[in-house]
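Right, one structure below, let's go through it.
Proteins come first, then strands; the chains are lettered A, B, ... in the order of their sequence lines, and each starts at number 1.
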Amino acid sequence: MTKEAKPLVLLMGPPNVGKSVLFNNFTGMSVSCANYPGTTVEYAFGKADIEGTEITLIDVPGTYTLDAENEAEKIAVEMLSGNYEKISASSCHQPKGQFAGLEATSQKPTAVLCVLDASNLGSSLYLLLQVMEFGLPVVAALNRTDLIQERGKMIDTALLSEQLGIPVIATVAVKNQGLEELTHTLAKALNRQPGKHPVTEPDDSKRWLQAEELACATTREEPACEKSQRSYSARKKWGLLLVKPWPGIPLAILILSFLFLFVIGVGMGLRQFLLLPLFRELIIPQIVIFIQALVPPGVVQNIIIGEYGFLVKGLEWPFTLVLPYVISFYTALTILEDSGYMSRLGALLDGLLNRVGLHGSSVIPLLLGYGCAVPAILSTRALNSRKERLTVSTMICLAIPCVAQTGAFISLLAERSILLVLLLFALSFMMLAGAGLVLDRLVKGSQLQTVMELPALLAPRGDVLAKKLWVRLKNFVTDGALPMVGAVGVAALLYETGIMEALGIRLRFLVTGWLGLPQEATVPLILGVLRRELTVLPLLEMELTMLQLFVGASVALFYVPCIAIIGTLIKEFSIYFSLGMLLLTSSLAFLAGGIILRIGQMVLALVT
Amino acid sequence: MRFMWKKRRKQGQGNGQGNGQGNGNGKLGYCCKGKPCVAKTLMQLADGDMGVIAAVPPAPHLAALGLRPGKKILMHAREKFQGPVIVEVEGRSIALGRGLGSKIMLEAQEASIND
C-alpha cells in the first residue's frame with residue numbers, strides 16, 4: 001500500500017463564528033457547537049471528501065488574532081507553520097496518538113479555510129491577513145451573512161475577493177447556504193499554488209489599517225426588509241435587557257428557576273409515565289423469564305437477575321432513573337447554550353465571581369458540570385488562567401452533582417419531601433461558595449481583567465437542538481449507561497461472593513458509627529468510585545429515616561468523583577492533583593456527613 | 001486578602017457615577033491625531049452615552065474585539081457587585097472589567113448617537 005499524504009486543511013477563524021458547524025458539515029461528524037466563544041477546546045480531526053479528494057480537516061479552536069496571546073493562539077501559529085511535534089510535546093491536553101498520523105504525512109498544511117464573521121468584518125480581516133502571511137493557499141468563507149443583512153448592510157464578496165486575491169464565499173453555515181460553492185472552491189484551491197495576495201507588512205497597526213479599509217470599502221448599505229429589521233431590533237433589545245442589571249438580574253432568577261423546575265418536572269414525568277412502566281413492566285420481566293429458563297438458580301443467576309443483578313438494577317437505574325433527567329437537562333442546557341444566554345449570565349455574575357477569584361466565563365464550565373464533569377473540566381481550557389482552571393475544576397468535582405447523580409437524588413429525596421432536594425442544592429451552593437473563597441486564597445495566580453464578548457442572542461433552531469440532543473443521548477448510552485450496567489455487574493459480583501459484607505464490617509466504625517447509616521451503606525461508598533450516581537442509588541433500596549437519607553445524600557454529593565473524572569483530571573492536570581482531589585473529596589464528604597447528622601439530631605431533639 | 005475585600009467594597013460604595021479606580025477628570029490622553037489632549041476615560045461615560053476611543057491599553061484581544069482608536073463606543077450598563085461594564089462597539093456587545101474601562105481613554109468631544 002502506498003502511503004500518499006492526504007491534503008491537510010486547517011479550519012480557522014475568530015471564536016463563535018461557526019467553524020464547528022462547517023466542520024460537522026464537511027466531515028459528517030458531530031463536534032459540539034454552541035453560541036458562546038470557546039466552544040471548541042480540542043482540535044477535532046475529521047476526514048472530508050472534497051469533490052473526490054479525501055482531505056484531513058482540522059477544526060482549530062477560535063482565535064481573535066495570531067498574536068499568540070493565549071494558548072489557543074500559540075498552537076494555531078504552530079499549526080500554520082507545520083510544527084505538530086512541538087504541539088504534541090507541549091500540550092498535555094492531547095493524547096499522544098492524536099498527531100501521530102499527521103507527523104507521518106505532510107509537515108505543512110495544504111490549505112487554510114478561514115471563516116470570517118460578516119458582522120465583524122474588520123476584526124476578521126485582520127486575522128485573515130495574518131493567516132495569509134504564512135503563504136499557504138487560503139479560501140475565505142464569509143459566514144453569518146444573514147446577521148448582517150438584518151442590519152441593513154451587505155458585503156461585496158466579489159470586490160473583497162478581488163482586493164484580497166483569494167476566493168471569498170458568502171455562507172450561512174447553520175442554514176447550509178453557500179456550502180456547495182465553498183466545497184467547489186476549496187477543491188480548486190487544493191490543486192493550486194498559493195496565489196498572489198497583497199503583501200502585508202508584519203506590522204500590527206498597518207495591518208489594522210488595511211483590514212479597516214478593506215472592510216469599509218466592501219460594505220454596502222442595503223435596506224433590510226421590514227420583517228428582518230424588526231427581528232434584529234427585537235433581538236438586540238432583549239440581548240441588552242437580559243444583561244443589564246435591571247431587569248437582567250430578576251430575569252436571570254426567573255429563567256434559572258424555570259429551568260430547574262423544567263428539568264425536575266419533565267424528568268419526573270418521563271420517568272413516571274414512560275420509562276418506568278416500559279422497563280419495569282415490559283423489558284425487565286421478559287429478560288428475567290429468559291434468564292431463568294437459561295441459567296440454573298445460584299450465584300450466577302443472582303449476579304444476572306438477583307437483588308443487584310446487572311440486568312435488573314443495571315438496566316432499571318440508568319434507563320428509568322437517569323435517562324429521564326438526561327433528556328430534560330440536556331434539552332434545557334442546549335437551549336441555554338445556543339441562545340447566547342450563557343455569556344450574559346456570566347456578565348451578570350462576573351462581579352460576584354470576582355470575589356472568589358473567578359470570571360463570568362466560569363459560569364459555562366460550572367453549568368456544564370451539572371450535566372457531566374468530564375466535558376465541564378475540558379471546557380475550563382477556555383478560561384484565562386491556570387488558577388481559574390484549578391478552582392473551577394475543584395468546585396465541579398467537589399459539589400456539583402452530575403445529571404445522573406441529580407436524577408438519583410430526586411428519586412431518593414423527592415419521594416419523601418421536595419424540600420429535601422432544595423435543601424441539598426442549598427448545601428451544594430454553600431459548599432461551592434466556601435470552596436471558592438478558600439481556593440482563592442490557596443491557589444496562586446494573578447487576577448486578570450474581564451474581557452468577554454457577548455454573542456448575539458439567537459433563537460435556538462429546532463433541528464439543531466434535536467440533533468445536539470440526539471448526540472448527547474447517544475453519548476449517554478455508550479459512555480454512561482453501558483459502564484453503569486458493568487459497574488452494577490461488579491457490585492453484584494462483590495455482593496454475591498460476600499466480599500461486600502466483609503468490607504462492610506471493616507468500615508463499620510465510619511458508616512454506622514460516624515454517619516449513623518446501616519452497614520449496607522458501605523455498598524454505595526465503594527461503588528461510588530466507579531460511577532457518581534451509584535453513591536446514591538443503593539440507598540433507595542434501604543429503609544432509612546429522613547435524616548439518614550439526607551446524610552447519605554450529602555456524603556454522596558461531596559464524595560469522590562467517578563473514575564472517568566479522575567482520568568480526565570490526570571490528563572488535564574497531573575496525577576498528584578487527582579490524588580489530592582480524591583483525598584479532599586472523601587475526607588470532606590465524611591466530615592460534612594457526620595456534622596450534618598449531629599446538627600440534624602439536635603434539630604430533631606428540639607422539635608420533638 | 002481581607003484587606004483587599006474591604007478595598008473593593010469601598011469602591012462599590014463610591015459607585016454612584018460608576019468611577020473605576022484612579023481616573024480623575026483632566027487626565028492626559030492622546031487623540032487619534034496624535035495631539036495630546038484632555039480626555040476622559042470610558043468609565044466616565046454615562047449609561048446610554050457614546051464616545052470615541054482615543055487610546056486603548058495593550059491588553060490581549062481588545063483590538064480584535066473592535067476596541068481600537070477612532071471607534072465609536074456606546075456605554076450600555078454597569079453590572080452590580082463591581083462587575084464589568086457592558087459596552088457596544090461596531091454592533092458587538094462586550095463585557096469589560098472596570099479596571100480596563102478606566103484605562104480606555106476617550107476623545108474629548110462628544111460623539112453623536114446616530115451611527
- line: Heavy-atom closest pair (B:A64 atom, A:Y64 atom, distance to 0.1 Å) is CB-CB, 3.5 Å
query: NZ/B:K80 to CH2/A:W246 distance, rounded to the nearest 0.5 angstrom?
result: 11.0 Å
query: With a 4.5 Å limit on heavy-atom distance, are the side chains of A:K244 and B:I86 in contact?
result: no
Pairing of A:R344 and B:E79 as salt bridge, 4.0 angstrom limit: no
- prompt: Are side-chain heavy atoms of A:E73 and B:H61 found at a separation under 4.5 Å?
  reply: yes
field: Heavy-atom proximity to chain A below 4.5 Å, by part of B:L96
entry: both
task: Using side chain to side chain contact (heavy atoms under 4.5 Å, CB included) as the criterion, list what pairs up with A:R151, not counting sequence neighbours.
output: A:S119, A:Y232
query: Got a sec, which residues hit side chain to side chain contact (heavy atoms under 4.5 Å, CB included) with A:M342, two or more places apart in sequence or on another chain?
result: A:Y36, A:L333, A:L336, A:E337, A:I364, A:L367
statement: So, the part of B:K103 with a heavy atom under 4.5 Å from chain A: the answer is neither
query: What distance separates B:I94 CD1 from A:M452 CE, expressed to the nearest 0.5 Å?
result: 11.0 Å
- prompt: Between A:L352, A:V451, A:T65, which residue shows the highest count of heavy-atom pairs closer than 4.5 Å to chain B?
  reply: A:L352
message: At a 4.5 Å cut-off on heavy atoms, which part of B:L67 comes close to chain A: side chain, backbone, both, or neither?
response: neither
- prompt: Using a cut-off of under 4.5 Å for heavy-atom pairs, which of B:G101, B:A59, B:A63 has the most such pairs with chain A?
  reply: B:A63
Check: B:G99 main-chain N/O paired with A:Q449 side-chain donor or acceptor under 3.5 Å: yes
- prompt: Which atoms of A:I249 come close to chain B, meaning under 4.5 Å heavy atom to heavy atom: side chain ones, backbone ones, both, or neither?
  reply: side chain
message: Can you see whether A:S123 engages B:R92 through a side-chain donor-acceptor pair at a distance of less than 3.5 angstrom?
response: yes
